[in-house]
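If you read the sequence from its start, that first residue is 1, and numbering goes on from there.
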Amino acid sequence: EKEQIQVWIHFIGYISGLTQTFDIVKVITYFIGLLVAGITIFIVTFIATMNRKRQIGILKAIGMKERIIILSYIFQAVFYALLGALTGLFLIQFMIVPYFIRHPLPMPIGLVSLALVNRDLAVSIISMLLVSVVAGFIPSWMVTRQNIIKAIWG
């Protein structure tokens with residue numbers, strides 16, 4: 001059997017294709033995660049506002065500004081996002097990364113481990129906070145826009 005010798009450019013092309021594939025998987029995972037988290041926060045906020053519709057109507061009736069009510073639900077949604085981000089960071093730093101360092105993935109090019117880029121983590125957290133602001137705003141805005149009497153009487 002004869003050894004096949006390949007030019008390094010072919011090997012770099014293979015690595016480049018593999019890197020692009022991992023980048024595509026990363027982007028898809030990122031957007032699916034944002035979508036699921038945003039929908040979850042939206043549903044939690046929506047249920048909370050629907051269950052407190054009467055209280056919101058009373059608050060509006062005694063003169064509380066809609067803006068303040070909306071901001072309170074936005075803060076609640078951002079709190080959920082921060083709690084989720086901190087939990088995720090903890091799991092990533094202390095469980096997932098150490099696991100992949102001890103058990104790298106076998107690939108045709110060799111063993112592959114997980115590498116996290118702080119910039120990507122920061123972008124993910126900021127994106128999650130922005131999505132949570134929107135997910136907190138929409139249901140609270142919908143409820144505060146209702147007529148005060150309708151909100152109080154249900």
Side-chain angles (χ1 to χ4, degrees), residues 1-56 59 65-146 151:
E1 279 183 51
K2 244 183 173 179
E3 295 276 333
Q4 286 191 355
I5 299 175
Q6 294 185 359
V7 183
W8 67 272
I9 301 263
H10 295 292
F11 186 69
I12 295 296
Y14 175 73
I15 297 296
S16 174
L18 189 62
T19 303
Q20 288 174 350
T21 301
F22 281 133
D23 285 342
I24 290 170
V25 169
K26 178 179 80 172
V27 168
I28 290 171
T29 305
Y30 173 75
F31 281 113
I32 289 174
L34 264 182
L35 182 67
V36 168
I39 289 172
T40 302
I41 290 174
F42 174 84
I43 290 171
V44 167
T45 307
F46 183 78
I47 291 171
T49 56
M50 287 297 131
N51 287 336
R52 294 185 185 110
K53 194 179 347 181
R54 180 170 287 150
Q55 292 171 335
I56 292 170
L59 289 173
K65 304 277 188 219
E66 289 179 11
R67 164 176 68 83
I68 294 170
I69 298 169
I70 291 171
L71 277 175
S72 71
Y73 283 100
I74 290 174
F75 284 138
Q76 180 182 4
V78 169
F79 174 75
Y80 292 147
L82 282 173
L83 193 62
L86 291 174
T87 303
L89 280 173
F90 177 81
L91 290 173
I92 287 170
Q93 294 297 334
F94 297 108
M95 295 180 83
I96 295 172
V97 170
Y99 176 81
F100 279 104
I101 288 173
R102 283 191 306 273
H103 307 288
L105 299 172
M107 301 291 260
I109 59 167
L111 296 175
V112 177
S113 188
L114 181 63
L116 294 174
V117 180
N118 286 336
R119 185 180 65 85
D120 290 343
L121 287 174
V123 167
S124 296
I125 291 170
I126 291 169
S127 300
M128 186 63 236
L129 291 174
L130 292 174
V131 165
S132 70
V133 166
V134 172
F137 172 78
I138 293 172
S140 60
W141 179 78
M142 288 172 22
V143 170
T144 57
R145 300 298 297 165
Q146 285 185 342

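- Proximity of S113 to L105: side-chain heavy atoms (C-beta onward) are nowhere separated by under 4.5 Å.
- I41 places none of its side-chain heavy atoms less than 4.5 Å from the side chain of V131.
- Rounding to the nearest 0.5 Å gives a distance of 12.0 Å between OG of S72 and CZ of R67.
- Of the candidates L82, I74, V78, T40, S132 forms a side-chain contact (heavy atoms from CB on, under 4.5 Å) with just one, namely V78.
- Looking only at side-chain heavy atoms (C-beta outward), I32 and I28 come within less than 4.5 Å of each other.
- Remark: I92 CD1 to T87 OG1 distance equals 11.0 Å, nearest 0.5 Å.
- Shown here is Y30, whose OH atom has more than 12 heavy atoms of other residues, nucleotides or ligands within 6.0 Å.
- Counting only heavy atoms from C-beta outward, the side chains of Y80 and Q76 approach each other to under 4.5 Å.
- Note that the CE atom of M142 and the NZ atom of K53 stand 9.5 Å from one another [nearest 0.5 Å].
- Taking both residues in full, the closest heavy atoms of T45 and P139 are given as CG2-CG, 3.6 Å, listed atom of the first, atom of the second, then distance.
- Residues G38 and M128 approach most closely at N-CE, 4.3 Å, considering heavy atoms.
- Across I56 and T49, no two heavy atoms sit closer than the pair CD1-O, 4.1 Å.
- Of the inter-residue distances, the one linking F100 atom CZ with I96 atom CD1 reads 7.5 Å to the nearest 0.5 angstrom.
- Taken to the nearest 0.5 Å, the CZ atom of F79 stands 12.5 Å off from the CG atom of L129.
- In this structure K65 satisfies the side-chain hydrogen bond (donor to acceptor under 3.5 Å, both in side chains) test with no other residue, sequence neighbours excluded.
- Under the 30°/60° scheme for interplanar angles, the aromatic rings of F42 and F46 are found to lie parallel.
- Between K26 and D120, the closest side-chain pair of non-hydrogen atoms falls below 4.5 Å.
- Counting only N and O atoms by type, the side chains of T144 and Y73 include no donor and acceptor under 3.5 Å apart.
- A heavy-atom distance below 4.5 Å is found between the side chains of V27 and F31.
- Looking only at side-chain heavy atoms (C-beta outward), I69 and V143 stay at 4.5 Å or farther from each other.
- Contact check for I68 versus L59: no side-chain heavy atoms found under the 4.5 Å cut-off.
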